[in-house]
Structures are given as structure tokens and as C-alpha cells.
Participant: 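Pasting a structure here, questions to come.
What you are looking at is a predicted structure, and each value in this text was computed from that prediction instead of being measured. Chain letters run A, B, ... following the sequence lines, proteins first and then strands; every chain starts at 1.
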Amino acid sequence: MQKRPRYGLYAIVALSVLISFFPIVWLILTSFKNTAGIYAWPPQYWPDPFTFENYVSIFTNSPELLRYILNSFIVGVGATAVTLLLGGMAAYALSRLGLRFAGVLMVAILAVSMFPPVSLLPSLFQNFLNFGLLNTYTGLVLAHAGLFLPFTVWMLASYFATLPVEIEEAARMDGMGFLRIFLTIVLPLSWPGFVATGLIVFIFSWNEFPLALVLMTQNAMRTAPVGISLYPGEYAFPWETISTATVLAIIPVLVITAIFQKQIVGGLTAGAGK
Amino acid sequence: MASVTLNQIGKSYGAVVAVKQFDLEIADGEFLVLLGPSGCGKSTTLRMIAGLESITHGDLLIGGKRVNDTDPKDRGVAMVFQNYALYPHKSVFDNMAMALKLQKTPRAEIAERVNAVADMLGLTPYLERKPAALSGGQRQRVAIGRAIVRTPDVFLFDEPLSNLDAKLRVKMRMELQELHDRLGVTSVYVTHDQVEAMTLADRIVILNGGTVAQIGTPREVYDHPATEFVAGFIGSPAMNFMPAARAGDHWRIEGSDLVLPDAIGLNATDPALTLGVRPEHLEVFAPENAPSGPWVFDARVKLAELLGADALLNLSVMGQPMLARVGGTDFPLAGGRVRVRIDPERLHAFHPETGLAVTSRSPSSGQ
């Protein structure tokens, strides 16, 4: 049967790409404009003059930017590691160990994640203050881990459900205990699931705003989104600094995504069965 | 090597009985097949022996020792799974060596044992490959090799051949047979394929709906099925069944008043019976050549299927569908009129409600 070109479909795809990418493209273009270009009326679409000046001056205008990005990176990596470790083990226990109330627990975990993070802030702040966790990487890593654990448990549990259970049974017959099965069999086999979940958690953590704003009060400990959001002063709105800093803050996420994306391939269990 | 004893073993999930309690003594070196349709409890029974499923009733003894609460790895059993269950991220060598590594066997001994088994199974050229780079038959061989390397007391097979194509299945079946002759290890083998059961088994346990229907040698279950279910399940194509109703001294069968052989007729006390006869025990004649006698019926050929050496005739005998297996040459074609003779000595009789065999003739009569 001859396939008719689906113009309508292409139109919808093009439209959605345009809508979702417009702000980012606008941001990138802005970062290459000079101040006059940014405020020009009618608006300038293509930067004229096209200048790299903002990328040079950003480090004198905002020497803290690299620190912000580093903070975001440390918190993101930490939160991802803690979330995957705890979430992975919890998901495995809930999906495979035949616990009596596994289904109830899964729903309870989901229910916990229904609280808006902002509603947790007062108590979180008070406790972090008491435990001396404000303005520490450990503190924000724990907060983010708590925030994203339900998602992680659900993602990984559904991934584990796709693994043939016989492999784990064979490992039991071979003499492995549950922890060893998890570490040497389940973990390598569900690596794509871990990478995909980890990437999402990392990006969530990178972008997370309210907790990072409240729990990191010292300038040196701020994450990129919070730091950049505080650029506007009382009288000035430094668009060139904001756009340039935002573009720079996106880059680490892009790089990490590019590196790990290749690992999200299916078919890793090929050869286990038929 | 060891014997396996199932002492009133049973499995229930709450009020639901998956396997009704039964006794079974598997002799040292015996090849025992658990046979039945899906959901009959055969895999559950195997998994209870393996230790993958808890035992809710009775005692399981391996080599005379009670192992109900023993870890799978300490039971001296090795299992071959239906979908092979190889470790996909490990080489063939590592797959086969895993159990020995976990037992902290010296490296040199592991290599020696794995190489010996690989050699026996023709896997030597593939030892460094990952399972994904192997064919289905090779994968199944690795799964079997993984079990052999451990030198277990008991082999457990969970439908190991059902993922292979028909030709390979026959080949692997023969290999398994040779392997068992060679190693002589007690084996428990689960299958729903009665051909596998008949060819491999020393004894067959036929399960139906969680209940043991019959335990016996392949010969016994074929010649003397204990229930109507067994009679219909063993043998391919399946046995023909027809109702018989008592009419005084006679039995009314397919519209004729007939006398059943003493062995059946005298034992039966019920007003009705279900009679069974295997397709291979029906004789089909052209009307003009047909012998006369009480056990010869008119029939019409609805469909004739040539299998090669044999042909299957779908018959309508006085309105009752029946299947006959005849020689592959000169058989009547569809639409033809024939006469069918049933040898009354070949009849099986079952109680129409309980399904239990009404008579059992002496084993010597089966041939």
C-alpha cells in the first residue's frame, strides 16, 4: 500500500518544535546581542552586531557564575547518586522480593510525592537549621533525593518488571544472595533504566528552584537557577548577563545528556532467553 | 546422586490449592517427567523441589535429608529454565562457571570443569561469546552445561525444549537422553509435550488441575490410562471416546447392541460408560471388503489428511466423530463410505462421571 505523506502530522511536529524551542532560541540569540540590540524597537531577531562580548564580560560581571554552576553540578550528581542507590534498592525490593504490602507501599510512595515541594519548606527549613544542614551540599542533596525518590522508585520498579525473573532465579540456584543478585545481575541488566532515570533526576535537580532558594542562603552555595534569578537588581535588569549565564548553565546538562544518551539502548537483555 | 522423596507434598495459596498433596518416590538415577497441560501444577511442583517456591504441605527429601527449608543452592539441585535464563552480560564461560565461583572453587579447577563440560556439549568454540551471539540451540546447551558443571545430585528441567523449533527440539531431546544415559543423574523434567514425556521418561507423573492423575511408565500410561483425562492426553492424535449405555445384558454403542469383553462388562456396575479407543486401533475397510461381525460400523470419511507414512481419517461413525490412523497408501478419500472395525479387546472404559478407568487389564496385553 502506498503511504500518503502525512502533511498534517509534519505540521503539528513543526509547530510544537517551534513553540517549545522559541524561548531557548530567543535566549541564545539574546546572549549574542549588545545592550542596544536587546532593547531595540522593533525587536531585533538576528543579533546586529553579532557579538561574543557578553561571554567575555560575564566572568567580570558575575564572577560567582562558575561557582553556581559547580554547586548545581555537585548537588545534581549527589542527588542522582543517592536517588538511584536508594530508589534502585527500594524498587527492587518492592517489585521482586514478594513483600506482602508491596502494592500498598508503592501507592503510598506515590502519594507522598503529591505534596507540592513548597508546602514542605517550612518544616524542612526548621529541621535543616537544627541539624546544621543549611548551606551544605549534603542538605540540598538530601532534600532533592527525597523529592525525586518516588519518581525513581516507580520508574525503576517498572523497568525491573521487564527483566525476565528466571535470570534472578538462576542466580539464586547458582548460590547468590539478594544483594549480590541486585548488584551483579539486576544492576548491569537494567543499566539503561538507571541511566534514563538518572538523567531525568539530574535535570530535575539542576532546575529545581524553591528548595534550592530557601535551603542555600549563602551566595557561594547557590545553584545556577537561583543565582541567575537573583541577577536583576532594584533598578537594572541585565538581560545580557542573564541570557549568557543561562546559556552557559544549560551546557553541562547538554553535555551530560549527550554522554549518557547513547547508553539508553534497549535490548541489553538480548540473549538471556529465546 | 540422590533419590528424591515427595512426602504428601502440596502447595496452596490461601484457600486456593495449586498442587494437591501427593506422594512420589524418585529413585536414584531415574528420569521422571511431570506432564500435564498448562496450569496443572507441574511447574509449581518442580519449583518446590528447586526451592524457588515454598512448600505448604508435606516433606521434601533429597538423598534422604529433609530440605523443605534449605536454600536452593544447598539442595544439590541444578535447574534448566524454559527461556534458558542465561546471564546476558556474561560470557558462556562465566555463565557456566558462576556457581563454582560462588562456591569459591579454585580457579584452575573451575577452568578444568567448565572446559570438560564445554567439550562434551560442543561449546568450546563459543566460550568467550555472550549469549546474544549464540543460536537458540546453543543457548539451551549453555543452560544445560551450566547445570552439569555443578555436578548436582538432581537435575531439574522446566520445559527446556519448548522454545526451540521442531527439528532442533527432536535433536536436543535425543541429546538429553544420551546425556542422562551417560551421567545417570536423577532428573525431574517438566513438559506439556507428551512425545517428550514418552521418549525421555522412566516414569511419568500426569497432573491435571493440581491433582496427580496417574504415575507410571510410558508403557503403562499409554496402555492402561487410569483416567479418561490421561487416556485423552497421552497418545497423538488423542483417543476417541464414545458413550455406551447398559441395555440388559448388552451395551448400546453407536446404535448397536453389543457385548463388552468380560474384563470391562463384568466390572462395570453403572448404567453408562465412556468407551475409548485409540486412532491407531481402528481398522478401516472399503464397504465391499469389510468383514462382518458385531464390532463393525458404517462410517463416512469427512476429511483425509496424509501425514507421509500415515494418514489421519476424520470419520463420522453413526454421527459420532472419530479419528483413525491408517497407512499412508490407498486410504479412502474425503466423502467416501467405509466400514470401521473396533477391536473390543483394545477398548478402554471409564466411568462417565468420575473419569476413572473401569477396568485395568494385565500389562502383558499391551503391545
Participant: Which of residues 108-117 of chain B have a heavy atom under 4.5 Å from any heavy atom of chain A?
Facilitator: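 Contacts with chain A: none.
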Participant: Which pair of heavy atoms, one from L102(B) and one from M176(A), lies closest together, and at what distance?
Facilitator: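 In this case the closest contact between L102(B) and M176(A) is CD1-CG, 3.4 Å.
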Participant: Highest number of heavy-atom pairs under 4.5 Å with chain A: which of R146(B), Q103(B), K130(B), K101(B)?
Facilitator: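 Sorted descending by pairs with chain A, the first entry is R146(B).
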Participant: For R141(B), check side-chain hydrogen bond (donor to acceptor under 3.5 Å, both in side chains) against everything at least two apart and list the hits.
Facilitator: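 Per chain and number, R141(B) pairs via side-chain hydrogen bond (donor to acceptor under 3.5 Å, both in side chains) with E175(B).
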Participant: Should we count CZ of F93(B) as having more than 12 external heavy atoms under 6.0 Å?
Facilitator: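 For F93(B), atom CZ is crowded (more than 12 foreign heavy atoms under 6.0 Å).
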Participant: Check whether any side-chain heavy atom of Q82(B) sits under 4.5 Å from a side-chain heavy atom of E166(A), and report yes or no.
Facilitator: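 Answer no - side chains too far apart.
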Participant: Mind listing the closest non-hydrogen atom pair of R172(A) and P72(B) along with its distance?
Facilitator: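 Scanning both residues, the minimum pair turns out to be NH2-CG, 4.0 Å.
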Participant: Name the region of R47(B), side chain, backbone, both or neither, that has any atom closer than 4.5 Å to a heavy atom of chain A.
Facilitator: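 Contact with chain A involves the side chain of R47(B) alone.
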Participant: Counting only heavy atoms from other residues, nucleotides and ligands, does the tally under 6.0 Å from NZ of K90(B) exceed 12?
Facilitator: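 Yes, enclosed.
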Participant: For a quick test of reading the model, state the closest non-hydrogen atom pair linking A170(A) to A85(B) and the distance between them.
Facilitator: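 Heavy atoms of A170(A) and A85(B) come nearest at CB-O, 3.7 Å.
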Participant: Applying the side chain to side chain contact (heavy atoms under 4.5 Å, CB included) test to M173(A), which of D71(B), V80(B), V77(B) qualifies?
Facilitator: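 Considering D71(B), V80(B), V77(B), a side chain to side chain contact (heavy atoms under 4.5 Å, CB included) with M173(A) is found only for V77(B).
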Participant: Decide side chain to side chain contact (heavy atoms under 4.5 Å, CB included) for M79(B) and E169(A); before the verdict, give the C-alpha distance in whole Å, the side-chain angles of both, and the deciding distance to 0.1 Å.
Facilitator: CA-CA 9 Å; M79(B) 184 148 161; E169(A) 289 179 341; 5.7 Å; no
Participant: Is there side-chain contact between Y87(B) and D174(A), with heavy atoms separated by less than 4.5 Å?
Facilitator: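 Answer yes - side chains close enough.
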Participant: At what distance, to the nearest 0.5 angstrom, does CD1 of I167(A) lie from CG of L86(B)?
Facilitator: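 So the CD1 of I167(A) and the CG of L86(B) are separated by 8.0 Å.
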Participant: Are there more than 12 heavy atoms of other residues, nucleotides or ligands under 6.0 Å from atom CZ of F131(A)?
Facilitator: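 It does not: F131(A) CZ has 12 such atoms or fewer within range.
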